[in-house]
Structure formats: C-alpha cells, structure tokens
There are 2 protein chains.
Amino acid sequence: MYPPIIVTVDVVLMTLCLDALCVALLRRPNDPFAGELALPGGYVHAQEDGDAEDAAYRILREKMGIKPPYLEQLATFAGDRRDPRGWSASIAYFALVSPTTEATWQPVSELTKLAFDHAAIIQAAVERLRNKSAYSVLPAYLLPQTFTLAELQKIYEQVLGSPLDKSSFRRKIKELDLLDQVTGSFQVGNQRPAQIYRLKKMVTFDRTLSQSAPRKAARSGQ
Amino acid sequence: MYPPIIVTVDVVLMTLCLDALCVALLRRPNDPFAGELALPGGYVHAQEDGDAEDAAYRILREKMGIKPPYLEQLATFAGDRRDPRGWSASIAYFALVSPTTEATWQPVSELTKLAFDHAAIIQAAVERLRNKSAYSVLPAYLLPQTFTLAELQKIYEQVLGSPLDKSSFRRKIKELDLLDQVTGSFQVGNQRPAQIYRLKKMVTFDRTLSQSAPRKAARSGQ
DNA sequence: GCGCTTAGTGGCAAAATACCACGAACATCA
DNA sequence: TGATGTTCGTGGTATTTTGCCACTAAGCGC
C-alpha cells in the first residue's frame with residue numbers, strides 16, 4: 001500500500017580507550033555512503049530476531065564479535081532525510097563494553113563526518129551516558145569485571161568530564177549499594193593494596209535507581 | 001528482500017481528569033483487535049510526514065483534533081509477537097494536554113485489556129512522566145496555560161502519588177526558573193487571591209534540566 | 001628503620017531539604 | 001466595622017546531604 005519503510009537497528013558501542021570515551025565504527029562496504037564510517041547496524045531479520053533488542057545483540061555478535069554486558073534502547077531516528085533511498089527508521093541502541101575487546105575505536109570528541117545521521121545518534125548516546133552516570137553505576141560497564149574504586153572514579157571523571165572528590169564518590173557508590181566486594185587484594189606497585197569490587201548481579205529492571213526516595217526512608221538494605 | 005516490517009506511530013496522550021491521570025484511547029474499527037481499545041496511532045505516511053514526530057502530530061490532529069503543547073518520543077516497541085500480522089515496530093510518543101480537550105479518557109489506574117502491547121506502552125509513559133516530574137515542570141502541561149502554584153502542586157502530587165510540602169515545592173519551582181508571573185490575580189472564593197503563572201517560552205532542547213550542577217555554580221542564567 | 005605512593009576513613013562547614021508555624025489578603029456574615 | 005474562615009505566601013529551624021580537607025593505613029624500595 002505504502003512504499004516500504006527501511007527499518008534498521010544501529011548500535012552505539014562505547015568503551016574507554018586511552019582515557020577517552022570511544023565508539024566503534026565500521027567502514028561501509030556498500031552504498032549508500034560506501035566507504036564512509038558508520039555505526040555497526042543492519043536490517044532487522046524478521047525470521048531470526050524476536051524483537052529489536054535481539055537484532056541489536058545479533059548485529060554486535062556478527063559485526064563485532066561481542067556480547068556487551070550492557071545494552072539499552074536509545075531512541076529511534078526516523079524520517080525521509082536521513083537515507084537517500086527513502087523514508088527510514090533506525091532503532092538506535094547503546095552498549096557499553098570493557099576496553100579489552102578488539103575493534104576500531106574512534107574517540108567521541110574527534111568525530112569526522114559519518115554516514116547517515118550517525119553523528120547525531122552518537123551525540124545522543126553520549127548525553128544519555130552522562131546523564132545516567134549521575135545516579136547509576138553505568139560507567140562500571142566500561143571497566144573489566146573486577147575493578148578498584150579508584151579505577152571506577154577515574155572512569156566517572158572521564159565520562160562526566162570533571163574531577164570528583166574521593167570521599168564523596170565512595171560514599172555515593174556505597175549507598176547506591178550496587179557493588180560487591182571481592183575478597184582478595186591487588187597491588188599496582190609500591191602502595192597500599194586496593195579492595196576489588198564487581199557489579200552485583202541484579203535483575204535489570206532498567207528503572208530502579210532514578211526514583212528519589214523520601215527522606216525518612218533510609219536505605220535499610222544492609 | 002525481506003518481508004516488509006509494519007511501522008506505526010502510537011501516541012500516549014495524557015491529561016488529568018477528575019484528579020486522576022488519564023490516557024486517550026480509541027476503539028479500533030478494523031482488525032487486528034477490531035473493537036478493542038487502543039492508543040491513537042497509525043502508519044507513517046512517507047509522503048506527508050518528514051519524520052516520526054511529524055507523524056505523531058498528524059495522528060493527533062487527525063484522530064484527536066489536538067495539537068499538544070508537549071510531545072516527546074518515548075521508545076520503540078518492536079518484535080514479532082505484538083502484532084498478529086507479523087514483525088512490527090511501533091514508535092511510541094507521549095504527549096501532555098490540558099484537560100479541556102474533548103476525548104474519551106481512561107484513568108491509567110484502571111486499564112482493562114488493550115490492543116497489541118499498548119498497556120505496556122502506557123506503563124512506560126507513566127513511568128517516564130513520574131521520573132521527569134522529579135526535576136522538571138512537565139506536569140504543568142497538564143494544566144491550562146495559566147495556573148496558580150497551588151494548582152501546580154496538586155498536579156505534581158497526583159502525578160507523583162505523594163503529598164508535597166508547600167514551602168519546599170515553591171522553593172524548588174522557583175529555582176527551576178521556568179515559570180513567568182502573570183500580572184493579575186485570581187480568586188477562587190473567600191480567600192486571599194493567588195498569583196498566576198505560565199510556562200516560560202523556551203527553546204525545548206529537551207535535555208536542559210537533568211544535569212546536576214556543581215555546588216558552587218549557582219544557576220546564574222537570569 | 002625512613003620516605004614515597006596510593007587506599008581508605010573521619011570530621012567539619014556549607015548547602016539543600018523537610019517540617020512547621022505564622023502573617024497576609026481576601027470573602028462572608030454579624 | 002470587625003470577627004471569623006479560608007487559602008496564599010514566606011520565614012525559621014532541625015535534619016540530612018554534600019563538598020572539602022586532613023589524617024591514618026598499608027604496601028614498596030631503599
């Protein structure tokens with residue numbers, strides 16, 4: 001009845017390389033925008049993908065060989081001006097991984113021209129990450145599974161772009177109560193060993209932290 | 001190449017009726033789910049709609065006769081299980097209007113079975129409204145263009161579901177600095193007249209309030 | 001042992017917030 | 001005109017949260 005709409009899923013896969021927030025980009029083999037850099041993405045495979053999140057995971061597996069520990073839907077970018085072939089919709093996701101994984105990373109601060117509106121998508125992802133970092137442990141997904149609080153603080157500072165006070169940071173993290181201590185210590189060299197932590201296993205209801213609790217009801221979970 | 005994906009735009013249009021948060025629903029004339037209640041929505045019209053937001057506005061105009069003062073993209077609900085016709089994607093928006101407008105409203109607290117996954121979409125919209133209400137003046141869009149602070153506070157209490165302190169509420173609203181005084185007063189009856197306010201005209205960059213400012217840097221933007 | 005570096009904690013002042021009370025400005029009615 | 005009732009609006013105080021800084025702890029190298 002209507003000309004079909006092009007539906008793709010694109011993923012902003014972020015990590016930290018060399019103390020800078022980076023995003024995974026691929027050079028497009030085909031038109032449109034052949035040869036230019038673009039987010040990893042692709043068509044929805046109606047037979048394989050049960051939903052859009054499945055598609056995002058499949059794309060990351062096929063094109064990046066990665067199963068990210070964190071994935072969330074970002075927004076949908078749709079319209080008739082973003083793809084020369086016609087009206088298109090890109091369901092954008094954003095994912096966080098630890099820096100070990102192999103890929104071609106590009107610092108988000110020095111992005112050249114990208115295919116489609118992918119620059120805008122990346123910008124939205126970075127903003128979302130910044131915002132959520134203020135009240136969640138999201139940046140922890142940018143680290144290896146285990147880490148020290150000092151490492152975590154550095155990541156926060158890089159993501160938020162401003163230095164944090166050690167004491168306040170640790171207090172905040174502790175009261176969020178989303179980390180587990182790992183018995184066993186760690187030394188970087190000639191200093192006191194640091195306690196190692198990992199993210200708690202949790203049912204990721206997605207919307208758990210953002211609610212502001214009434215004052216009297218102190219977090220009583222020991 | 002692939003079977004086409006059904007792309008629709010659905011809008012959660014909310015208002016306040018009789019002190020309860022309500023959502024606009026329409027009875028579906030056609031299959032699937034003929035006769036059941038559903039969100040106002042429809043296919044994207046590739047010729048008319050420049051982007052998905054255009055489609056949302058068009059749908060509200062055509063089906064509701066409304067141009068809402070607030071509209072924002074909520075999320076995209078996609079998969080092969082939500083529409084019996086096959087793989088589908090619903091780009092969901094949520095909109096707020098003042099209660100004057102005519103429509104068939106349904107309180108969000110007593111929703112019966114709805115078509116598709118529209119119940120889940122509505123739930124997501126309500127959560128988003130609740131969350132954003134904690135740090136924005138979003139609930140003001142549920143009121144007429146001008147209102148008193150007492151009226152605004154009531155709306156907040158209804159949306160958040162808990163009573164607020166008058167003094168704290170007014171302080172918070174004032175420092176958000178998103179309201180303009182309207183010279184001229186108002187009396188409901190036999191009491192002191194209340195100052196009237198309206199929303200400031202503003203460039204709705206969407207993501208302006210949520211950033212937490214460093215302590216020393218007081219909001220100096222006049 | 002001493003000096004160095006980083007980890008981790010504690011204290012205090014300042015800011016934000018909850019809670020409560022009081023005065024202000026109207027209307028109504030005697 | 002003045003007393004009373006109602007809501008508007010603001011100010012004060014106690015409590016909580018937060019920023020800031022200092023200090024101790026625990027390792028290493030010498």
Side-chain angles (χ1 to χ4, degrees), chain A residues 19 133-137 140 143 146-157 160-177 179-198 209-221, chain B residues 19 133-136 140 143 146-157 160-177 179-198 209-220:
Chain A
D19 285 10
S133 296
Y135 54 86
S136 75
V137 288
L143 290 173
T146 60
F147 46 84
T148 68
L149 289 185
E151 290 166 348
L152 187 60
Q153 181 177 345
K154 246 182 204 152
I155 298 277
Y156 269 84
E157 291 171 342
L160 296 174
S162 60
L164 301 173
D165 176 70
K166 183 168 51 162
S167 181
S168 305
F169 177 75
R170 294 166 107 97
R171 199 174 26 201
K172 202 74 181 166
I173 292 292
K174 233 156 225 173
E175 86 189 11
L176 279 179
D177 194 33
L179 300 187
D180 272 335
Q181 280 194 199
V182 177
T183 42
S185 281
F186 173 60
Q187 75 260 342
V188 205
N190 46 335
Q191 78 282 346
R192 173 176 174 178
Q195 178 61 246
I196 299 214
Y197 292 86
R198 79 164 50 133
L209 318 146
S210 47
Q211 200 67 15
S212 81
R215 177 202 275 199
K216 285 284 176 56
R219 267 171 213 78
S220 60
Chain B
D19 285 9
S133 297
Y135 54 87
S136 75
L143 290 173
T146 60
F147 46 84
T148 67
L149 289 184
E151 290 165 348
L152 187 61
Q153 182 177 344
K154 245 183 205 151
I155 298 276
Y156 269 84
E157 290 172 342
L160 295 173
S162 59
L164 301 173
D165 176 70
K166 184 168 49 162
S167 181
S168 307
F169 177 75
R170 295 167 107 94
R171 184 170 7 98
K172 201 75 181 168
I173 292 292
K174 233 156 227 173
E175 83 187 14
L176 279 180
D177 194 33
L179 300 187
D180 272 335
Q181 279 194 200
V182 178
T183 42
S185 281
F186 174 61
Q187 76 259 342
V188 206
N190 46 335
Q191 78 281 344
R192 173 176 175 177
Q195 178 60 244
I196 299 214
Y197 293 85
R198 80 164 50 131
L209 318 145
S210 47
Q211 200 67 17
S212 82
R215 178 201 276 198
K216 285 284 175 57
R219 264 171 215 79
S220 61

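Quick note on labels: first sequence line is chain A, next is B, and so on, each numbered from 1. The structure presented is a predicted model; accordingly, all values stated were derived computationally and were not measured.
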Gap between atoms CG and P, on B:Leu176 and C:dT17 respectively (whole Å): 10 Å

Spacing of A:Ile155 atom CD1 and A:Phe147 atom CZ [to the nearest 0.5 Å]: 9.5 Å

Inter-residue atom distance B:Leu149.CG - B:Lys154.NZ, 0.5 Å rounding: 13.0 Å

Any A:Lys174 side-chain nitrogen or oxygen under 4.0 Å from OP1 or OP2 of C:dT9: yes

Footprint string (nucleotides 25-30 of chain C, 5' to 3'): B base within contact, S backbone only, - free, heavy atoms under 4.0 Å: BBS---

Spacing of A:Glu175 atom CD relative to C:dT9 atom C1', expressed in whole Å: 16 Å

Whole-Å distance separating the CG atom of A:Leu152 from the P atom of C:dT6: 18 Å

For atom CD1 of A:Ile173 and atom C1' of C:dG8, their distance in whole Å: 15 Å

Euclidean distance, atom CD of residue A:Gln181 to atom P of C:dA7 [Å, nearest integer]: 15 Å

Interatomic distance, B:Leu164 atom CG to B:Gln153 atom CD [nearest 0.5 angstrom]: 5.5 Å

Between C:dA7 (P) and A:Phe147 (CZ): distance, integer Å: 14 Å

Atom pair OG1 (A:Thr183) and CD1 (A:Ile196), whose distance is rounded to the nearest 0.5 Å: 10.0 Å

side-chain hydrogen bond (donor to acceptor under 3.5 Å, both in side chains) partners for B:Glu151, two or more places apart: none

Spacing of A:Leu149 atom CG relative to D:dA25 atom P, expressed in whole Å: 20 Å

Trace of the side-chain contact (heavy atoms from CB on, under 4.5 Å) decision for A:Leu152 with A:Phe169: CA-CA 10 Å; A:Leu152 187 60; A:Phe169 177 75; 3.9 Å; yes

Between D:dT10 (C1') and B:Gln195 (CD): distance, integer Å: 14 Å

Within residues 162-170 of chain B: residues closer than 4.0 Å to DNA chain D (heavy atoms): B:Lys166, B:Ser167, B:Arg170

Residue mapping more 5' on DNA chain D - nearest nucleotide basis, B:Thr148 or B:Arg171: B:Thr148

Which residues share a side-chain contact (heavy atoms from CB on, under 4.5 Å) with B:Arg198, sequence neighbours left out: B:Thr146, B:Asp180, B:Val182

Pairs involving residues 162-173 of chain A, ordered by first then second residue, that meet salt bridge (charged side-chain N to carboxylate O under 4.0 Å, His left out) (sequence neighbours left out): A:Lys172-A:Glu175

For B:Gln195, all residues meeting side-chain contact (heavy atoms from CB on, under 4.5 Å), sequence neighbours excluded: B:Gln181, B:Tyr197

